[in-house]
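Okay, handing you the structure first.
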Amino acid sequence: NQYRLAGFADKHTGRVLVVGAGPSFFDNIDKVKQWKGPIMACDRSLIPLLEAGIVPTYVLAADGVDHVEAYFNHPLVEKHKKDIIAIFNTQIHPLTTMRWGDFDRILWFNVGLDELSQGKSLTRYLYHMTNDTAISVPWGHVGGYGVGFAVLFGFSEIVMIGIELGFKESDVIEDTPYWNPYYKATC
């Protein structure tokens, strides 16, 4: 893999827009169109960005559930992915990786699972098993990883949109994209 996260450390300066898929993104997409500079998009915001004529610099995917593949299944993604660098968790679903397909334009990372200083750390084993792939602390949502990578890449200002840390009061939690996979896996 020609891309290594370490090679991107402190590569950028200035401002970056991190775009999640929360309501503030969809409510303000016209403001996003006015943005001049790099954009880090979460997987679920990629297609709406491209439909609005906005090609992000980076796109992130972190979840291992199979429905994430749908966020990359669109003719506009195929058209523009040569201009986008993917940042993927090594634990994403294989369908997502295959849908992206351009393996030379993927930065891989591992999610920290436990404390590295522990004698038998799963994170340490995963790090070595994936050829010393960088480790990121879990944020709980893909947009949060964008903030972490923006810091790693050296951006001095991070502007966020669509990075809500919850749901609208009117949302039905059972209708959100992640409820059923995680509910089925844990109950």
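Please read these numbers as outputs of a predicted model, since none were measured by experiment.
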Inset, instruction - Would you mind telling me which of Thr97, Leu95, Thr96 makes a side chain to side chain contact (heavy atoms under 4.5 Å, CB included) with Phe72? - result: Thr96

Inset, instruction - Scan residues 11-35 for pairs that pass ring pair (Phe, Tyr, Trp, His ring centres under 6.0 Å), counting only residues two or more places apart or in two chains. - result: His12-Tyr58, His12-Phe155

Inset, instruction - For Ser24, enumerate each residue passing the side chain to side chain donor-acceptor pair (under 3.5 Å) test, keeping only those at least two apart in sequence or located in another chain. - result: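 Ser24 satisfies side chain to side chain donor-acceptor pair (under 3.5 Å) with Glu164 only.
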
Legend entry - Flag, side chain of Lys81 to backbone of Trp100, donor-acceptor distance under 3.5 Å: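 Yes.
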
Legend entry - Partners passing salt bridge (charged side-chain N to carboxylate O under 4.0 Å, His left out) against Lys79 (at least two apart in sequence or in another chain): none

Inset, instruction - Over all heavy atoms of both residues, which pair between Pro48 and Ser45 is shortest? Give the atoms and the distance, please. - result: CD-O, 3.3 Å

Inset, instruction - Decide yes or no for Pro56 and Leu50: does some side-chain heavy atom of the first lie under 4.5 Å from some side-chain heavy atom of the second? - result: yes

Legend entry - Point-to-point distance, once rounded to the nearest 0.5 Å, from CG of Leu49 to CZ of Arg44: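 CZ of Arg44 is found 12.5 Å from CG of Leu49.
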
Legend entry - Phe149 side chain near Leu107 side chain, heavy-atom distance below 4.5 Å: no

Legend entry - Ile39 and Ile54, any side-chain heavy atoms less than 4.5 Å apart: yes

Inset, instruction - Write down the atom of Val68, the atom of Ala61, and the distance for their closest heavy-atom approach. - result: CG1-CB, 4.5 Å

Inset, instruction - Using atom types as modelled and distance alone, determine if a side-chain donor or acceptor of Asp63 lies under 3.5 Å from a backbone N or O of Val65. - result: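 Here the side-chain-to-backbone pair does not exist.
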
Inset, instruction - Measure the spacing between CG of Asp104 and NZ of Lys82 and express it to the nearest 0.5 Å. - result: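 Reported value, rounded in 0.5 Å steps: 15.5 Å.
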
Legend entry - Derivation of the side-chain contact (heavy atoms from CB on, under 4.5 Å) call for Met160 and Val147: CA-CA 8 Å; Met160 298 175 281; Val147 173; 3.4 Å; yes

Inset, instruction - Give me the ring orientation class for Tyr71 and His67: parallel if the planes are under 30° apart, tilted from 30 to 60°, perpendicular past 60°. - result: perpendicular

Legend entry - Short side-chain to backbone donor-acceptor contact, Arg105 and Ile84, under 3.5 Å: yes

Legend entry - Which atom of Pro38 lies closest to which atom of Arg15, heavy atoms considered: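 Residues Pro38 and Arg15, closest heavy atoms: CD-O, 3.5 Å.
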
Inset, instruction - Would you mind telling me which of Ile158, Val16, Ile85, Leu17 makes a side chain to side chain contact (heavy atoms under 4.5 Å, CB included) with Met40? - result: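 Exactly one pass, corresponding to Val16.
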
